[in-house]
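To keep things clear, I will list the structure first and then write my remarks on it.
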Amino acid sequence: KNQVEQSPQSLIILEGKNCTLQCNYTVSPFSNLRWYKQDTGRGPVSLTIMTFSENTKSNGRYTATLDADTKQSSLHITASQLSDSASYICVVSPPNYDKVIFGPGTSLSVIP
Amino acid sequence: KAGVTQTPRYLIKTRGQQVTLSCSPISGHRSVSWYQQTPGQGLQFLFEYFSETQRNKGNFPGRFSGRQFSNSRSEMNVSTLELGDSALYLCASSLHRQETQYFGPGTRLLVL
């Protein structure tokens with residue numbers, strides 16, 4: 001069973017609309033949870049990084065939340081732009097420097 | 001400050017050959033990790049190096065190996081290439097372990 005799952009698998013939204021991407025994890029506790037954005041054919045870029053004790057972190061129009069009780073994280077994108085079209089990946093770092101665990105990603109398409 | 005650089009960017013090899021990929025981390029970064037990304041499997045962790053020592057290894061066969069030099073530059077080697085090794089190989093560096101990682105553009109390997 002995957003330790004990090006993401007939903008939806010893919011999403012299409014209209015430009016200017018908001019959206020929320022979900023990440024469910026079983027790794028607990030963890031050192032940190034990160035959200036990355038990956039444009040097609042390029043390396044991922046870090047959006048947010050949260051420790052186990054944090055419950056929200058913002059980066060411009062991107063806001064990540066963390067609920068340690070339900071083991072869920074969300075990435076909320078406000079006023080979407082065409083350039084937000086990308087894959088969004090949730091990554092969990094277990095404690096004790098164990099190897100990181102990637103979610104499968106959510107593919108977001110923003111259309112005019 | 002220059003970002004993570006990877007060479008070569010594209011590579012075509014045939015089955016049975018070997019390949020060496022190179023990664024130069026951001027200046028001052030001491031942690032380097034390697035990942036394989038395929039459409040079917042997503043991002044998968046290969047290795048993590050810190051201070052010239054391999055700290056973590058993913059679930060890949062022994063054909064995949066790597067090393068890190070004293071200047072933090074890293075190489076990974078794949079021997080006896082198989083068709084399934086065709087993928088985007090990404091390198092990421094961070095100042096210390098489990099901190100925000102900065103990814104390079106990747107090396108796209110095609111095995112014929």
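Numbers restart at 1 for each chain; the letters A, B, ... are given by sequence-line order, proteins then strands.
In plain terms, the two heavy atoms of A/Gly41 and B/Arg108 that are nearest each other are CA-NH2, 4.3 Å. Here the closest non-hydrogen pair linking A/Pro44 and B/Leu90 is CD-CD1, 3.8 Å.
Between A/Arg42 and B/Phe103 there is no side-chain heavy-atom pair separated by less than 4.5 Å.
A 6.0 Å sphere centred on CD1 of A/Ile12 holds no more than 12 heavy atoms belonging to other residues, nucleotides or ligands.
Hydrophobic clustering places A/Val4 together with A/Leu108 (ILVMFWY residues linked when any side-chain heavy atoms are closer than 4.5 Å, directly or through intermediates). A continuous path of hydrophobic side-chain contacts links A/Val92 to A/Trp35 [ILVMFWY only; heavy atoms under 4.5 Å]. No single ILVMFWY cluster, assembled from side-chain heavy atoms under 4.5 Å apart, contains both B/Leu43 and A/Val27. When hydrophobic clusters are built by joining Ile, Leu, Val, Met, Phe, Trp and Tyr residues whose side-chain heavy atoms come closer than 4.5 Å, directly or via intermediates, B/Leu21 is grouped together with B/Leu46. Put simply, A/Tyr25 and A/Phe102 are part of two different groups of oily side chains (I, L, V, M, F, W, Y) that touch within less than 4.5 Å, one to the next.
Heavy atoms closer than 4.5 Å to chain A are found in the backbone of B/Glu99, but not in its side chain. Contact of B/Tyr35 with chain A is made through the side chain alone, with heavy-atom distances under 4.5 Å. Contacts of B/Arg97 with chain A are made by both backbone and side-chain atoms, with heavy-atom separations under 4.5 Å.
Remark: A/Leu47 CG to B/Thr100 OG1 distance equals 10.5 Å, nearest 0.5 Å.
Contacts with chain B (heavy atom to heavy atom, under 4.5 Å) involve these residues of residues 52-91 of chain A, listed by number: A/Ile89.
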